[in-house]
Amino acid sequence: MGSGEMMENDRINHGADMNARNSLETGIQKLDAGALFVLKSKGPGWGRYCVGPIQFLVCYGAVVGCTLLGGQTMKSIYLISRPNGMAKLYEFVVVFGAFMLTLAQIPSFHSLRHINLVSLMLCLAYSAATTAGSIYAGHSAHAPSKDYSVSGDRQDRVLGAFSAIAIIATTYGNGIIPEIQATAAAPVKGKMFKGLCLCYTVVVTTFFSVAVSGYWAFGNQADSIILSNFIVGDTTLVPKWFLVMTNVFALLQLAAVGVVYLQPTNEVLEGLSSDPKMDQYSARNVVPRLIFRSLSIVIATTIAAMLPFFGDLNALIGAFGFLPLDFVMPAVLYNVTFKPSKRDLVFWLNATISTVFSGLAVLGSISAVRQIALDAKNYKLFANVS
């Protein structure tokens, strides 16, 4: 090949590279602002070493919480039929973990869309039943006396407030919104806004109705799982069939939520172990998927059985995960990605949000770890917490 031909080939290759680069830049410029933000901010540095690990821990922590709460719900159903039963909480956690182990083998997130719809219906049914049950129990002749004072000394109340903020962050947080936003068809902004409005309408309606009615009925004696207050000794404050039905709603919904939050863990492990060139149902991919998904559930079940403190886990997940992920990261990433002027109000608003919520995350983490340490002194591992 002569030098003239080589120079001609170089020019052609250079032109092809330039055309590909220009096409990529044009495509990026046409992206919705929300999708562009996600694409830029979740690059190799932020996404791999900061955002990704937090999302992973938040989602896996939610799996642990769902497994624990599922076991507590099963124990409640057991105690309704056998008030003096001797079965331990960790035994029910293991049984629920076995149920989760089966559901965890569902191949992909897309396969869960019907389960998500069923989960929504169960959430609405559970909230409506729990609210009605709290109102009924509050008017019952056997209802306990109501005390709305804040218990504990000054230190406990202050640290309890920070734990409560972390729990609220867990309640309203969502660790996978960036992925949803990045994969939605343009225009993203309108669709995400409508979706978030629907999401938070459901969340506010369900959580506030249960919280307000439960606190009204039981005051400062309200448990983190309000259905536990419906059982007093050998009697129930609501009809037994109603209480069993409500617990079943909660049980099925927890299984669906737990499987959804397990998917990020599955994606990480299967990205390392699977062969994308092979069919997903081939032995080469099925065997590693079965092993790693089963291992994930076994570890989550063991942690849930060892540390059966649902409120403390909620606070820890919120402080370490949801507060940074939902409040600190977006503000910081916006300033880093789009570099607004320091004379711009948006820059200082984001800086203020990130600073304030970073402080809340630190204080919430301290409070959550402290409460777990206090509970660990009062209870041994695999404690039979009611």
Side-chain angles (χ1 to χ4, degrees), residues 27-43 46-47 51-52 54-55 58-59 62 66 106 108-128 130-131 165 167-212 249 252-264 267 317-318 321-335 337-338 340 345-346 349-350 353-354 357:
I28 290 176
Q29 290 173 357
K30 291 181 179 180
L31 285 174
D32 182 275
L36 179 61
F37 168 62
V38 172
L39 179 64
K40 285 189 174 183
S41 64
K42 296 196 71 180
W46 285 105
V51 179
I54 293 177
Q55 285 181 308
V58 162
C59 292
C66 287
I106 294 176
S108 66
F109 189 88
H110 184 67
S111 305
L112 300 174
R113 62 192 185 279
H114 303 303
I115 293 181
N116 289 336
L117 178 60
V118 173
S119 174
L120 173 61
M121 297 297 104
L122 290 169
C123 179
L124 295 174
Y126 163 79
S127 301
T130 304
T131 301
I165 292 173
I167 292 173
I168 291 172
T170 304
T171 302
Y172 293 97
N174 192 314
I176 55 176
I177 280 181
E179 280 68 25
I180 298 172
Q181 183 166 326
T183 56
V188 177
K189 182 178 179 181
K191 294 178 181 178
M192 288 299 298
F193 183 75
K194 291 178 182 178
L196 287 173
C197 285
L198 176 61
C199 171
Y200 286 113
T201 298
V202 173
V203 169
V204 169
T205 302
T206 54
F207 280 91
F208 266 79
S209 61
V210 173
V212 172
F249 287 156
L252 295 176
Q253 201 242 348
L254 286 166
V257 172
V259 172
V260 169
Y261 272 104
L262 185 64
Q263 291 307 309
E267 292 294 330
I317 294 170
F322 281 110
L323 280 173
L325 190 63
D326 287 353
F327 297 99
V328 179
M329 289 292 182
V332 172
L333 292 178
Y334 186 95
N335 282 353
T337 303
F338 296 115
L345 178 62
V346 172
L349 179 61
N350 286 332
I353 291 173
S354 60
F357 281 96

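Sequence positions, counted from 1, serve as the residue numbers for this chain.
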Do Phe357 and Asp326 pass the side-chain contact (heavy atoms from CB on, under 4.5 Å) test, and can you show the C-alpha distance, the side-chain angles, and the key distance before you say yes or no?
CA-CA 10 Å; Phe357 281 96; Asp326 287 353; over 6 Å; no
Got a sec, which residues hit ring pair (Phe, Tyr, Trp, His ring centres under 6.0 Å) with Phe249, two or more places apart in sequence or on another chain?
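Ring pair (Phe, Tyr, Trp, His ring centres under 6.0 Å) list for Phe249, sorted by chain: empty.
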Close side-chain approach of [X] to [Y], heavy-atom, < 4.5 Å:
X: Val202; Y: Leu124; result: yes
X: Leu262; Y: Cys59; result: no
X: Tyr334; Y: Val346; result: yes
X: Ser127; Y: Thr205; result: no

With sequence neighbours left out, write down each residue that passes side chain to side chain contact (heavy atoms under 4.5 Å, CB included) with Leu254, or none if nothing qualifies.
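Per chain and number, Leu254 pairs via side chain to side chain contact (heavy atoms under 4.5 Å, CB included) with Cys66, Leu69, Thr73, Phe96.
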For Thr131, all residues meeting side-chain hydrogen bond (donor to acceptor under 3.5 Å, both in side chains), sequence neighbours excluded
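Per chain and number, Thr131 pairs via side-chain hydrogen bond (donor to acceptor under 3.5 Å, both in side chains) with Ser209.
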If every non-hydrogen atom of Pro330 is compared with every non-hydrogen atom of Pro324, which pair is closest and at what distance?
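Of all heavy-atom pairs spanning Pro330 and Pro324, the closest is CD-O, 4.2 Å.
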Interatomic spacing from CG in Asn335 to CG in Leu349 - rounded to 0.5 Å
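Rounded to the nearest 0.5 Å, the CG-CG separation comes out at 9.0 Å.
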What is the distance from atom CD1 of Ile167 to atom CZ of Phe322, rounded to the nearest 0.5 Å?
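So the CD1 of Ile167 and the CZ of Phe322 are separated by 12.5 Å.
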Show your working on side-chain contact (heavy atoms from CB on, under 4.5 Å) between Leu122 and Tyr126 and close with a plain yes or no.
CA-CA 6 Å; Leu122 290 169; Tyr126 163 79; 6.0 Å; no
